[in-house]
Amino acid sequence: MTGEGSHDFARVRRIVKTDEFSSVFRLRPTQKSAHFVLYTRPNTLPHARLGVVAAKRFAPRAVTRNTIKRVTRELFRTSALLPVDCIVRLSRPVNGKDGPATTRALKRELRAELTRLFASQRPRRPSPPVAP
């Protein structure tokens, strides 16, 4: 089973153990966006793995936290990534307790940020040789 083109999110593609999270968190963040921080660490598996951390202090409603996790998993599944352990951590508030828990605009913004983060971890295509 290879990681390329696979659209499942089986347990082997998740970071679930505390030790696994800790070993990735020990490293410096790879990328940052307006609301997220991406931590990565190369792994020896044939596929990438994902962990998502959405703290209650940054997204007070469970609906919002679940939306963040769902969108993150969806984009992770459809991205062809190098074999790395990725942790996406929510680092800034996305909304408060007043107002709607999620909106189309919020989902669109989160999707755009996460797409940019995952794009930074895709395998680079070699540049075509320059003719003399």
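Because the structure is a prediction, the values reported are computed rather than measured.
Contact annotation: the side chain of Y39 approaches that of R89 to within less than 4.5 Å [non-hydrogen atoms, C-beta and beyond].
Formation of a donor-acceptor pair under 3.5 Å by the S79 side chain with backbone atoms of F118 is not found in this model.
Shown here for A59 and T64, the closest heavy-atom pair between the two residues is CB-CG2, 4.0 Å. Closest heavy-atom contact between N95 and P60: O-CD, 3.4 Å. Contact between I15 and R49 at its shortest, heavy atoms only, is CG1-CB, 3.9 Å. Nearest heavy atoms, P83 versus P46: CB-C, 4.4 Å. Here the shortest heavy-atom pairing between L90 and A55 reads CD2-O, 4.5 Å.
Every residue was checked against the side-chain contact (heavy atoms from CB on, under 4.5 Å) condition with T44, not counting sequence neighbours, and none meets it. Every residue two or more places apart in sequence or in another chain was checked for a side-chain hydrogen bond (donor to acceptor under 3.5 Å, both in side chains) with R61, and none qualifies. Evaluation of the side-chain hydrogen bond (donor to acceptor under 3.5 Å, both in side chains) rule for N43 yields D85 as partners, not counting sequence neighbours. Residues passing the salt bridge (charged side-chain N to carboxylate O under 4.0 Å, His left out) test with E113: none are found, sequence neighbours excluded. For F21, the ring pair (Phe, Tyr, Trp, His ring centres under 6.0 Å) test picks out no residue, with sequence neighbours left out. Under the side-chain hydrogen bond (donor to acceptor under 3.5 Å, both in side chains) criterion, Q31 pairs with no residue at all, not counting sequence neighbours. Contacts of R65 classified as side-chain hydrogen bond (donor to acceptor under 3.5 Å, both in side chains), with partners at least two apart in sequence or in another chain: none. With sequence neighbours excluded, the residues satisfying side-chain contact (heavy atoms from CB on, under 4.5 Å) with P93 are F58.
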For a quick test of your reading: what N or O donor-acceptor pairs under 3.5 Å do the side chains of residues 69-76 make, sequence neighbours left out?
{"residue": "T72", "atom": "OG1", "partner": "I68", "partner atom": "O", "Å": "2.7"}
{"residue": "E74", "atom": "OE1", "partner": "R111", "partner atom": "NH2", "Å": "3.3"}

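To the nearest 0.5 angstrom, L114 atom CG is 6.5 Å from L110 atom CG. Between the CG atom of L117 and the NE2 atom of H35 there is a distance of 12.0 Å, given to the nearest 0.5 Å. Atoms CG and CZ, from L50 and R77 in turn, are 10.0 Å apart once rounded to the nearest 0.5 Å. Distance check, rounded to the nearest 0.5 Å: CD of E20 to CD1 of I87 gives 9.0 Å.
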Exercise. Going through the checks in order, is the side chain to side chain contact (heavy atoms under 4.5 Å, CB included) test met by K107 and T67?
Worked result: CA-CA 8 Å; K107 287 180 186 178; T67 298; 3.8 Å; yes
